[in-house]
Student: 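The following block contains the structure, expressed as structure tokens.
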Amino acid sequence: MTDLAWAAAQLKARQPDHSLPQGLYTDQRAFAFDLEAIYRQSWLMAGMECELPDPGCYLAFSIGDWPVLVVRGKDGTLRAFHNTCRHRGSILCQNGYGSAPKLVCPYHRWTYDLDGSLFAAGRMGEQFDKSAHGLSPVALRVVAGAMFICLAADPAPFDEFGERFSAYAGPLDFSQLKLAATDLLVEQANWKLVMENARECYHCPTGHPELSQSFPVHMSRHFDAFRNPQVEAFNAAMDAVGLPHTAIEGPWWQIARFALNPGSTSISMDGEPLCTRPLTRANGGDVGSLRWAIDPHMFAHATADYVIVFSCMPVGPQETHVFSRWYVHKDAVEGTDYDLAALKELWLKTNMQDKELAENNQRGVLSPGYRPGPYSLEAEALVARFTDWYCSLAQDYVAAHD
């Protein structure tokens with residue numbers, strides 16, 4: 001159960017443009033509160049629709065303790081449900097990918113059609129109404145090949161993000177992707193520390209020497225690349241090929257396209273493309289990186305040759321699961337068009353470096369000497385924005401449920 005009085009006191013103690021009070025990074029009460037007030041109320045990216053190509057394909061995953069299921073129906077429509085049987089609550093599908101003509105509960109064999117309706121329930125009597133026992137739906141939106149879900153009864157407005165994301169991502173045609181690789185990294189750090197680290201590059205020049213080869217780590221504020229001499233030429237080139245690039249943002253999202261370091265056309269160890277079957281040939285494949293980020297949990301980069309999606313899910317007050325997914329063009333052939341180890345190398349190194357930084361941060365925050373410190377509003381503007389968003393949403397939840 002969430003402790004609203006405790007959460008309200010923590011939020012009240014927060015100093016503007018500073019890291020959060022200690023309890024919000026360490027306490028079990030913060031973990032329970034964050035699941036209800038933040039993750040349950042927010043739009044989350046579930047993946048790409050290419051991961052469920054055929055009727056009967058499903059993806060099962062957890063948000064904290066809550067199991068969720070995304071299924072492609074016989075009509076080709078994607079739908080999301082709470083992954084819990086309407087009989088006695090058993091999990092229907094274990095986490096991961098699968099395919100089935102119907103969804104069958106492993107406990108008592110209640111069986112559901114792919115649209116969530118109850119197909120069969122043995123020994124329930126003549127008065128039993130199957131139509132009243134379909135799977136509980138979860139809000140799902142599919143935009144530009146990406147899937148987004150929200151567990152809230154009344155989800156936050158989505159359309160503005162959907163329209164903007166479609167405009168920026170549409171030219172890359174994410175419907176033509178395939179999932180090339182996945183990775184799970186367990187970090188002994190609060191999810192907010194993981195995401196604060198992911199929202200800034202203040203640490204990148206020293207923390208990520210490999211990433212710094214191709215990624216413009218000295219960008220400030222909202223991807224203002226004032227030290228990159230090719231920015232004006234890059235922006236003009238993007239205008240010429242019709243690729244939007246201006247940094248834009250809404251209450252819980254950001255989108256921008258930015259130039260990579262001079263001589264780099266991909267985010268890779270040497271700046272060279274990692275896949276020879278590109279997503280786009282616009283501007284000769286030099287289209288920088290399309291970055292989008294959604295609070296509370298993810299960021300992604302799409303270059304001309306691949307897409308990387310980073311997503312974090314809290315599993316305890318000081319433990320976070322970081323999921324990474326790499327996508328390439330559906331016609332790209334492993335071993336011919338791309339080398340899987342090379343595709344993953346840079347982000348695996350970067351994520352391991354970030355794991356060390358976040359876990360070190362967590363150990364320091366546990367100290368009785370911890371006091372919230374000030375953000376650099378030149379280098380950590382997106383971190384300040386993230387914690388502002390967190391506190392605003394959290395305060396709204398407290399006010400609505402007090």
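If you read the sequence from its start, that first residue is 1, and numbering goes on from there.
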Student: Do Tyr25 and Asn361 meet the criterion of a side-chain donor-acceptor pair at a distance under 3.5 Å?
Tutor: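 Per modelled atom types, Tyr25 and Asn361 side chains form no pair under 3.5 Å.
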
Student: Between Asp183 and Arg325, does at least one N-O distance fall below 4.0 Å, as a salt bridge requires?
Tutor: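 Not counted as a salt bridge, because no side-chain N and carboxylate O are separated by less than 4.0 Å.
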
Student: Can you pull the salt bridge (charged side-chain N to carboxylate O under 4.0 Å, His left out) pairs that have at least one residue in residues 163-177, sequence neighbours excluded?
Tutor: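 Applying salt bridge (charged side-chain N to carboxylate O under 4.0 Å, His left out) to every pair that reaches into residues 163-177, excluding sequence neighbours, yields nothing.
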
Student: Can you give me every donor-acceptor pair (side chain of residues 279-286, partner residue at least two apart or in another chain, under 3.5 Å) with its distance?
Tutor:
from: Thr280; atom 1: OG1; to: Ala282; atom 2: N; distance (Å): 3.1
from: Asn283; atom 1: ND2; to: Asp286; atom 2: O; distance (Å): 2.7

Student: Who are the side-chain contact (heavy atoms from CB on, under 4.5 Å) partners of Ser117, not counting sequence neighbours?
Tutor: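 side-chain contact (heavy atoms from CB on, under 4.5 Å) list for Ser117, sorted by chain: Asp113, Asp115.
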
Student: Does atom NZ of Lys102 have more than 12 heavy-atom neighbours from other groups under 6.0 Å away?
Tutor: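 Yes, the 6.0 Å shell around NZ holds more than 12 heavy atoms from other groups.
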
Student: Between Phe323 and Leu185, is any pair of side-chain heavy atoms under 4.5 Å apart?
Tutor: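 They are not in contact (no side-chain heavy atoms under 4.5 Å apart), so the answer is no.
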
Student: Quick one: does Arg385's side chain get under 4.5 Å of Arg199's, heavy atoms only?
Tutor: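 Answer no - side chains too far apart.
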
Student: Which word best sums up how the rings of Phe215 and His301 line up, parallel for under 30°, tilted for 30 to 60°, or perpendicular for over 60°?
Tutor: perpendicular

Student: If the plane angle is over 60° it's perpendicular, under 30° parallel, otherwise tilted; pick one for His297 and Tyr39.
Tutor: perpendicular

Student: Parallel under 30°, tilted from 30 to 60°, perpendicular over 60°: which one fits the rings of Phe161 and Phe165?
Tutor: parallel

Student: Does any donor atom in the side chain of Tyr327 or Glu51 lie under 3.5 Å from an acceptor atom in the other side chain?
Tutor: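 Tyr327 vs Glu51: donor-acceptor pair found between side chains.
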
Student: Can any side-chain N or O of Ser367 pair as donor or acceptor with the backbone N or O of Gly369 at less than 3.5 Å?
Tutor: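 A pair under 3.5 Å: yes.
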
